[in-house]
Amino acid sequence: MDFFGFNRPQVCKELKVLNLFADNPEMKAFFEKPIASWYIDVEGFDTSLPEDEMKEALTNHFKSCGVIAMVSFRRHPETDVVNGLATITMMGNDADEKVMLLNGSELGGRKLVVKANPTPRLKLDHLNLPFGGSSVPGTS
């Protein structure tokens, strides 16, 4: 079977020989037992601030809940103005519970509405990779 232009059994054999992540036990552990990742939707923050200040404020407000990978904003399609919804991509096995404790909290004098959604996972069992993980967080 062709795998990105390569013979799949040969690629899997080569990956096992390479022993991916042998020098990085944290990365190996991540793939063996992936940490949960979440999309955190946030509404109610001050959209009159410059974008970098909004990102910094949201990051500081939620950083105690887990590792923040990214903060992004939804924008009006015609005006490109932030429409009041931010999505924070976060990792942490109990980040969803911690984040929900901040639902209704105030940021800059405004009440936040928070919703946590797990990120979809891609099953990798069929690839026969040299580590025990069966999924990669944040992919669909």
Side-chain angles (χ1 to χ4, degrees):
M1 174 178 266
D2 207 37
F3 183 70
F4 296 107
F6 299 96
N7 178 280
R8 181 176 171 258
Q10 184 63 34
V11 168
C12 291
K13 180 180 176 187
E14 296 299 325
L15 287 174
K16 284 182 181 183
V17 169
L18 290 174
N19 194 11
L20 291 179
F21 313 122
D23 294 336
N24 190 337
E26 286 130 6
M27 185 64 79
K28 184 177 179 186
F30 176 79
F31 281 99
E32 287 178 344
K33 184 176 186 268
I35 297 170
S37 55
W38 307 90
Y39 292 131
I40 312 301
D41 291 330
V42 183
E43 295 179 271
F45 56 92
D46 185 357
T47 60
S48 69
L49 298 172
E51 185 172 332
D52 60 334
E53 289 181 29
M54 288 188 287
K55 280 186 181 183
E56 183 178 358
L58 288 168
T59 298
N60 288 335
H61 195 72
F62 288 95
K63 69 183 177 183
S64 66
C65 300
V67 176
I68 295 176
M70 181 173 60
V71 177
S72 60
F73 300 100
R74 298 242 175 97
R75 300 176 174 280
H76 187 278
E78 294 176 15
T79 65
D80 201 38
V81 173
V82 173
N83 72 2
L85 178 64
T87 300
I88 301 171
T89 305
M90 180 178 287
M91 294 180 291
N93 289 328
D94 57 352
D96 61 326
E97 295 170 11
K98 292 177 181 178
V99 162
M100 291 314 297
L101 294 175
L102 295 177
N103 187 31
S105 65
E106 288 192 8
L107 178 61
R110 296 174 182 239
K111 188 176 181 178
L112 299 179
V113 178
V114 178
K115 183 179 178 187
N117 301 296
T119 59
R121 295 180 177 270
L122 174 65
K123 296 293 183 187
L124 299 177
D125 293 335
H126 67 285
L127 295 179
N128 201 18
L129 294 173
F131 41 82
S134 61
S135 62
V136 173
T139 59
S140 57

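Since the structure is predicted, the reported quantities are computational estimates derived from the model, not experimental observations. The figures here come from the full heavy-atom set of this structure, side chains too, leaving out hydrogens, waters and symmetry mates.
- Residues Tyr39 and Leu101 fall into different hydrophobic clusters, defined by Ile, Leu, Val, Met, Phe, Trp and Tyr side chains chained together at heavy-atom separations under 4.5 Å.
- The shortest heavy-atom contact between Met90 and Ala95 is SD-CB, 3.7 Å.
- With hydrogens and angles ignored, the 3.5 Å screen pairs a side-chain donor or acceptor of Thr119 with a backbone N or O of Ser37.
- Criterion: ILVMFWY side-chain heavy atoms under 4.5 Å apart, direct or through other members. Under it, Ile88 and Leu102 are part of a common hydrophobic cluster.
- Linking Ile, Leu, Val, Met, Phe, Trp and Tyr whenever their side-chain heavy atoms come within less than 4.5 Å leaves Val67 and Met100 in two separate clusters.
- Cluster annotation: Met91 is not connected to Ile40 through the hydrophobic network of ILVMFWY side chains, with a link wherever side-chain heavy atoms come within less than 4.5 Å.
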Q | side chain to side chain contact (heavy atoms under 4.5 Å, CB included) between His61 and Leu112, intermediate numbers included | A | CA-CA 11 Å; His61 195 72; Leu112 299 179; 3.5 Å; yes
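- Nearest approach of Phe73 to Glu51, heavy atoms of both residues: CE1-CG, 3.6 Å.
- Here Trp38 contributes atom CH2 and Asp94 contributes atom CG; the two are 9.5 Å apart, rounded to the nearest 0.5 Å.
- With hydrophobic clusters built from ILVMFWY side chains whose heavy atoms lie under 4.5 angstrom apart, Val82 shares a cluster with Leu58.
- Atom NZ in Lys63 sits 8.5 Å away from atom CD1 in Ile68 (nearest 0.5 Å).
- Summarising the geometry, atom CG belonging to Asp41 is positioned 7.0 Å from atom NZ belonging to Lys115; distances are rounded to the nearest 0.5 Å.
- Closest non-hydrogen pair, Gly104 versus Lys111, comes out as O-CG, 3.5 Å.
- The side-chain heavy atoms of Phe62 and Val71, taken from C-beta on, include no pair separated by under 4.5 Å.
- To the nearest 0.5 angstrom, Asn117 atom CG is 10.0 Å from Asp96 atom CG.
- In terms of heavy-atom proximity, Thr47 sits nearest to Met54 at CA-SD, 3.6 Å.
- Looking at Val113 and Asn103, their side chains come closer than 4.5 Å, going by heavy atoms from C-beta outward.
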